[in-house]
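Here the structure comes first, spelled out in structure tokens, and everything after it is commentary.
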Number of protein chains: 2
Amino acid sequence: MEERVKQIKQQLSAHNYKLTPQREATVRVLLENEEDHLSAEDVYLLVKEKAPEIGLATVYRTLELLSDLAIIHKLNFGDGVTRYEFRAEGAEHHHHHLICLHCGTVDEITDDWLGPIEKRVEKQFDFQIIDHRLTFHGICHRCKDQVKDPKKLVGSKVT
Amino acid sequence: MEERVKQIKQQLSAHNYKLTPQREATVRVLLENEEDHLSAEDVYLLVKEKAPEIGLATVYRTLELLSDLAIIHKLNFGDGVTRYEFRAEGAEHHHHHLICLHCGTVDEITDDWLGPIEKRVEKQFDFQIIDHRLTFHGICHRCKDQVKDPKKLVGSKVT
DNA sequence: ATTCTGTCGATATCGACTATCAGATAAGAA
DNA sequence: TTCTTATCTGATAGTCGATATCGACAGAAT
Ligand SMILES: [Zn+2]
Ligand SMILES: [Zn+2]
Ligand SMILES: [Zn+2]
Ligand SMILES: [Zn+2]
């Protein structure tokens, strides 16, 4: 934890940015909820618990900054809000997500399974891949007994 | 074309919806620009050329209706607007997209290359897949000579 | 004719996000 | 120190895509 904060502080100062108290509070909230895919509003409310004087704009600015420096990723799960998560340290690509259409839970596949497909894309389409996003929509193991007609869940969600 | 319109008319009436002139105009615009990933605003402007009396709300309502009936898909390419495209007839799953970070073009992989990975997900995570989204971000063949440092393009886009 | 239902266009409203701007803060120079 | 400068912050107004609301209208049913 302290290690990660220190590391991020260095990444910031390498680009002539300071780890201000507000930025540090935001980073700590992200670190403490690393598996939760928080929205900006989520982060704002959590930061406010520790530092009530912080403004929403500052949270947005900090998230944008961390995103610009490739420290965190912006995610979109089709619910209209941008969510944020740390990039895996050293990982080249984004990991994959499993979204349950019944309970909304987002699980993760931390391994990158797209290697062979990427090779095929690069060759067949002459497309140089920098990153990818892969999301599966379906019924998670916790819900499978409660859903009778999965086809009914093919709604009108954005993705 | 006429065939597709007729088919959509039947899909609507099967759910007790009518293919009104406004809805038909919207459907035709979608059909005539099938490869373009139009936004609601795009559709609105194109429909207005033929039927100037149509309202923006009606376009949104029609797109939502077509989406509910699984006739079209809602897409999000990280630029803040929802885009729409027809579902491939009979295709179980959504196709894949290649987004160029330099020129913004969206190309398509119409084949489904995820079969083996889906099997693995279903088994390993006990997750019943209903649909998926796969997007590659990178440099398209048209831009590859103009981009020297692809790493620089790893911006803060939502995806 | 009268009611009911579905649909329409116009427009107000919503919510996530961004831009603006005056004041605070921190680093440098004198 | 004191002045200067650039960076950062909080409050808030504004933007923009999307949705909700509402009165009007057409077709079907009674
Ligand atoms: Zn579930
Ligand atoms: Zn994740
Ligand atoms: Zn390109
Ligand atoms: Zn497409």
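- Between B:Arg142 and B:Asp107 there is a salt bridge, with a side-chain nitrogen of the basic residue lying less than 4.0 Å from a carboxylate oxygen of the acidic one.
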With the criterion being N/O to N/O and under 3.5 Å, what pairs connect the protein with nucleotides 10-12 of chain C, and how long is each?
none

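- Between the CG atom of A:Asn16 and the C1' atom of D:dT5 there is a distance of 15 Å, rounded to whole Å.
- In this structure, A:Glu41 atom CD and C:dC17 atom C1' are separated by 11 Å, rounded to whole Å.
- Side chain to side chain, B:Glu85 and B:His37 meet the donor-acceptor criterion of an N or O pair below 3.5 Å.
- Salt-bridge annotation for B:Glu24 and B:Arg28: present, with a side-chain N of the basic residue lying under 4.0 Å from a carboxylate O of the acidic one.
- Among the heavy atoms of the strands lying under 4.0 Å from A:Thr82 are primed sugar atoms or P, OP1, OP2 only; no base atom is included.
- The two residues B:Arg87 and B:Ile72 come nearest to each other via the heavy atoms NE-O, 3.7 Å.
- Rounded to whole angstrom, the span from the CD atom of A:Glu24 across to the P atom of D:dT9 amounts to 12 Å.
- Atom pair A:Arg23:CZ and C:dA26:P shows a separation of 13 Å (rounding to whole Å applied).
- Note on A:Leu134: it does not cluster hydrophobically with B:Val106, by side-chain heavy-atom contacts below 4.5 Å among ILVMFWY residues.
- Within the hydrophobic cluster formed by Ile, Leu, Val, Met, Phe, Trp and Tyr side chains joined at under 4.5 Å, directly or through other members, A:Val81 stands alone, with no partner residue.
- Each of D:dT9, C:dA16, D:dG17 was ranked by its minimum atom distance to the side chain of B:Tyr60; first place goes to D:dG17.
- Counted by atom type alone, B:His102 and A:Gln128 present zero donor-acceptor pairs between their side chains at under 3.5 Å.
- In terms of phosphate contacts, A:Thr58 brings no side-chain nitrogen or oxygen within less than 4.0 Å of OP1 or OP2 of D:dT9.
- Taking atom CG on A:Leu12 and atom P on C:dA26, their separation rounds to 16 Å, with Å as the unit.
- Nucleotide C:dG6 holds its C1' atom 12 Å from the CG atom of B:Leu65, rounded to whole Å.
- The nearest whole Å value for the distance from the CG atom in B:Asp79 to the P atom in C:dT18 is 13 Å.
- Atom CZ of B:Phe125 and atom CG of A:Leu98 lie 6.0 Å apart (nearest 0.5 Å).
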Distances for protein N or O near nucleotides 25-30 of chain D N or O, under 3.5 Å:
none

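- A salt bridge links A:Lys74 with A:Glu64; the closest basic N to acidic carboxylate O contact falls under 4.0 Å.
- Put simply, A:Thr20 has no side-chain N or O that comes within less than 4.0 Å of OP1 or OP2 on D:dT7.
- Distance, A:Gln22 CD to C:dT25 P: 10 Å, rounded to whole Å.
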